[in-house]
Amino acid sequence: MRRPRSRGAAVTGMGATRAGLRRAAWRRDTTWVLLLAGLLSVLGWWHVLQQDLVLGYKDALSHLMIGRRVVVGQSTGLAQLGGIWLPLQHVLISTLAWNDTLYLTGFAGSLFSMCCYVSTCLGLFLVLRDLTGSRAGGWAAAAVFGLNADVLYLQATPMGEPLMYAGMVWALLAVLRWQDRGTSGWLFVGAGLCALLVWVRYEAWVFSAALWCVVAHTCAVRRQRLWRGDQASQGALLVFGFYMALAVAGWLAWSAIVFGDWLGWYRGAWSSVDQMSRLEMSQVGSWSRSLRTYAWGGLHTVGWLALVGGSAGLVLAAVRERGGPRSTALLATLVPAGFLVYGLWSGSQPMRVVEVDGDLYNLRMAVVLLVPAALGTGYLVGSLPRPALFPTLPGVAAAGVAAGCLALLAPHLAADGEGPVTELEADRARAAYAEQRDVGRFVAEHTTGRVLAESIFNEWVVFPNQERVVYEGSRGEWETALDDPGARPHDIAVVVMRTTPDDEDSVATALLGSPRLAAFGVVLQTDNFLVLSKGAGDGTTRARH
Amino acid sequence: MGRPGHDTERREHRRETAQHTTTRAQRRVAAYALVGLALLGAWSPRGLGVVLVAAAMLFLLAFMTLRLGLVLASRGYRPPEPELGPDEELPRYTTLHPMYDEAHMIPVVVAAMEAVDYPRDRLECLLVLEERDGATVAAAREADLPDHFRVVVVPAVRPYGKPKACNYALQHATGELVVIYDAEDRPEPQQLRRAAATFRGAARRGEPLGCVQARLVFDNEAPLCDEHGRVRRDAEDYDVRPTTWTSRLLGNEYAVHFDLVLTGLARLGLPVPLGGTSNHFPLALLREIAFAPSQMPDMPAADDASVGAWDPWNVTEDAELGGAIAAAGWRTSVLDSHTDEEACLTARAAVNQRSRWVKGYAQTSLVLLRHPVRSARAMGPLSYLAFQLQVGGTFVSLALSPVFWGLFAVYVLTGSDRIAALFPGPLYYVGMTLLVAGNLALLTVSLYAAESRGRHGTVRYLLAVLPVWWAMLSAATYVAALELLFPAWRPAWNKTTHGVRRRGLGRRLALASAGMLAAPAPTPVRSVPKPAVRFLPPDRLAPALTTGYLAPGPRAVPDRSSARVVPPPRERTPRPARPVVHEVPKAPVRWLAQRPREAAVV
């Protein structure tokens, strides 16, 4: 007869086995999250490509052009970066945008968005798994984010938002792991990510600052000393703040060196403030209107189910953690949304919704709410008990969340279904620029040589011809070409100008009707554009739009 | 001691000393190179500039890559698994304590070794003194040393210094394992046991472990604090453990070097340039890889059996020994133990110390460059390259740094086209990457080392003055270069001073302001002699007195009338003294006259 093992040994053995099984399950989950998110990303991109909406947003073209200009064009170099937009996305795009196919299809930017989407899903899973110890919570958070139609659209486009979401989630994960494990390595990872976020989007600045406050909160709760003893909180705060401050200082220095104004990105030509001054936004100066606008935007993009679940989860986290550092870290993800509401009120950010303005504009600004919504929903699911009669309750709840998200996604994928609101907005924007696309296509197919054209608000004209274009960012060449495009040294072969009444571009303002264009003949005239080619006769092609 | 069997492909490494900084062949090669560059410069000055800049960029890129690679590799480092055993099986251990002009440190050494947990019957501590250091020898003779201590007096033979002294002392060592400790070192009590267990475990597993290096920690990187976090001070208000910005940055350098760089080298199996102390070796290994007796200085005794383990002419003999160990096919590991040391408190002393180390690195590198192909075959090409980058690369990178910072500053201020011409296209981007990302990476490594060791208070110093520190290190490098070029010129070597009393700057300011704001001390009143007072008879009016005379006593009010009272000298509140930093200047090395005296072993 076999002698039974002693109880102690049996318990130890079982405990070790259980922990090992759990680790193995988590590793499997991580792999599955990556695979599923990757599959969704590729399918989403393919779907958007079929709709011909990868380059729906005008801003998507601008991002691609800026990235490509670093390596290809009439004036290349790092000085093409900066100005208004923060540069990290463009640095990434420049690694692929030298290739014409990747550039023209938008994949040079979409690839990074897709990778960020996958990493955000994984990051959300890891955050909730660490916070709640529950795989179900992680799956629920990843499902809320990954199955959102607007996110699936955005991740297929070369836009900067997916980069920001990934940075936010992984910076949050780094801070949470530093809080839990106390290892300084995670503090540095979080600090580095926050510094990189500074170079992605301006609303990420306030998120990074909020995380710094979370670090301070953590040090205060741990009663770490600032000035006496080991000065542990001093070290943590300095390290975390240093890299962010350096990134901000670097951006200001770059603006000063390259553009001659350290605040040019804020107050210079074509900055948000400048553009907003030309728009009449009803939200400016009204908190209630701003809040309502943003709330409607959140409802359209995130959905009421995720908003309610997320809110409940964040409240639960605050209560269970007693307002501790882990809950404030979660709440820090709400700060960018608050900043954008302030932006609406102050007039530095535009956003329109049908319910308030009868129009759609910039709704993608509200998608950032999906991050705290996913975190809160995941926390809610992960906090569900495991009663003896129903031990799989959290798993079932997670499956229910995923099913609900799929149910909300399905109508957008139907052949006759309406896409998500961000895709709708992009579709409308794209339709509005049909004339520009035709002009750009004409210049690409029927002309050769260098092109003089202003890029701002003419993106679709410049985009297919970018490597030939002398534009407002070409420094000295731009001024001299505007002065006399026909002069030999410039070799300007084509001049494109926007002639919309009261909205002419700089080329039209400088050269329309000028004798300096004597050597040029009109080759295309549309309602809003004029294309002239050097040495061309009056074989004008008139196109009506 | 058998050579590791897996290194059959390696050529045997012939160690050479740094008695001569360069050989004739090296000088010839350098001359040819200079002529070539001069011709290129004559043909195209810009071309010469671009070539030099490109070479420098390539080197700095390699150096930075290695540095950061080592830091990343260090994360996965695990010390070799020790194999503990009963005390009866512990090997005999010899600790060497080279001392010069440190008579006052003998009790410190004894106390440090008394704190070490090792069976006394298996421990032998050799105080290695110099014959010309009469004061320390006398102090050693008078000291009440424990039984396991012995004093070795090294004959006054050039070259003087620690490596020759240790070589001499090795012949008197009876231990299987040997370790070197400086006078101020305080090893962690279990260090010898851990080292012995590590060697034992490696031997059992058949691993070629030749040396274990303990981490060195400057304990005065941070002040000593009480449970309330206040700095501990002695009865006279001096810091118990004086700390300055210099000691903090030196401590941080040690943290980077021992926690990140050496562990990275050990993990990758690359040669490890050893630290100055707390290196543990099997004595047999030192004998095996020792220099040939003909390469060593002649000692007066005919039967002298000095073991040429360390290069007497190399000021960083330990770094060279690390390379020799690797070339012989042995590995070095970093021990999970530490030794506390005391860092210099002043920048001047730190610069002097660093110039010596950088000079030694240059010497080591130049010696290995005498026969680069042979050395590379002995060490392995990758190991040879990594070792050269570590030692010689440190010297070169510190020398190049101010050059490029200067070029950058001039370009920013003047926009000089000539400087721009030196950095065409790709070189410009490489240069900017090294300038921004490279320096940021080095700063991050220092910050990470500080935070990992719990030296959070060092972070603000790193952020504030690290570039200044780097500039000082570069200055030290140029001093080292001058010493190499002009061996006869040698500045006084400032050893780390010990027993310094110091108040921190904050404390001094607090005391000074408290002194200024304090109410003046009441003028002490002297007891004046009883005045000649005659009480007039009551029927005569006495002139009104302006002063009431009290009964004579110790606090009699001085008379304001005609009696002249000499006020007592006012006792001034003593001003806080300037911090007393006794830099015991190292006496300039005066070569003593040769005296045919035999070495004495006491």
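Below, read A as the first sequence line, B as the second, and so on, with proteins coming before strands; counting in each chain starts at 1.
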Write out, in numerical order, the residues from residues 213-236 of chain A with a heavy atom short of 4.5 Å from a heavy atom in chain B.
A:Arg225, A:Arg228, A:Gly229, A:Asp230, A:Gln231, A:Ala232, A:Gln234, A:Gly235, A:Ala236
Just do the salt bridge (Lys or Arg N to Asp or Glu O under 4.0 Å) check on B:Arg241 and B:Glu342 with the steps written out, would you?
CA-CA 10 Å; B:Arg241 192 160 73 192; B:Glu342 187 181 331; over 6 Å; no
What residues of residues 433-444 of chain B make heavy-atom contacts with chain A at a cutoff under 4.5 angstrom?
B:Leu440, B:Leu443, B:Thr444
Criterion side chain to side chain donor-acceptor pair (under 3.5 Å) on B:Glu221 and B:Thr458, from CA distance to verdict:
CA-CA 8 Å; B:Glu221 182 184 350; B:Thr458 303; 3.1 Å; yes
For chain B, which of A:Ser184, A:Gly77, A:Gly250 has the most heavy-atom pairs under 4.5 Å?
A:Ser184
Between A:Gln74 and the options A:Glu477, A:Arg450, A:Gln466, the side-chain hydrogen bond (donor to acceptor under 3.5 Å, both in side chains) test singles out A:Arg450
CH2 (A:Trp98) with more than 12 external heavy atoms under 6.0 Å:
no
Please check if the number of heavy atoms outside A:Trp262 that lie under 6.0 Å from its CH2 is greater than 12.
no
A:Leu187 versus chain B, heavy atoms under 4.5 Å apart: side chain, backbone, both or neither?
side chain
Parallel, tilted or perpendicular, judged at 30° and 60°: which one describes the rings of A:Trp205 and A:Trp265?
tilted
State the OH-CD1 distance between A:Tyr202 and A:Ile84, to the nearest 0.5 angstrom.
6.5 Å
Measuring from A:Leu92:CG to A:Cys116:SG, what's the distance to the nearest 0.5 Å?
7.5 Å
Do any N or O atoms from the side chain of B:Thr244 and from the backbone of B:Pro242 form a donor-acceptor pair under 3.5 angstrom?
no
For B:Tyr429, which atoms come within 4.5 Å of any heavy atom of chain A: side chain, backbone, both, or neither?
side chain
What part of B:Leu463 lies closer than 4.5 angstrom to a heavy atom of chain A: side chain, backbone, both or neither?
side chain
Report yes or no: is the cationic atom of B:Arg453 (NZ for Lys, CZ for Arg) closer than 6.0 Å to the six-membered ring centre of B:Tyr254, at no more than 45° off its axis?
no
Of all the heavy-atom pairs spanning A:Val127 and A:Leu172, show the shortest one and how long it is.
CG1-CD2, 4.2 Å
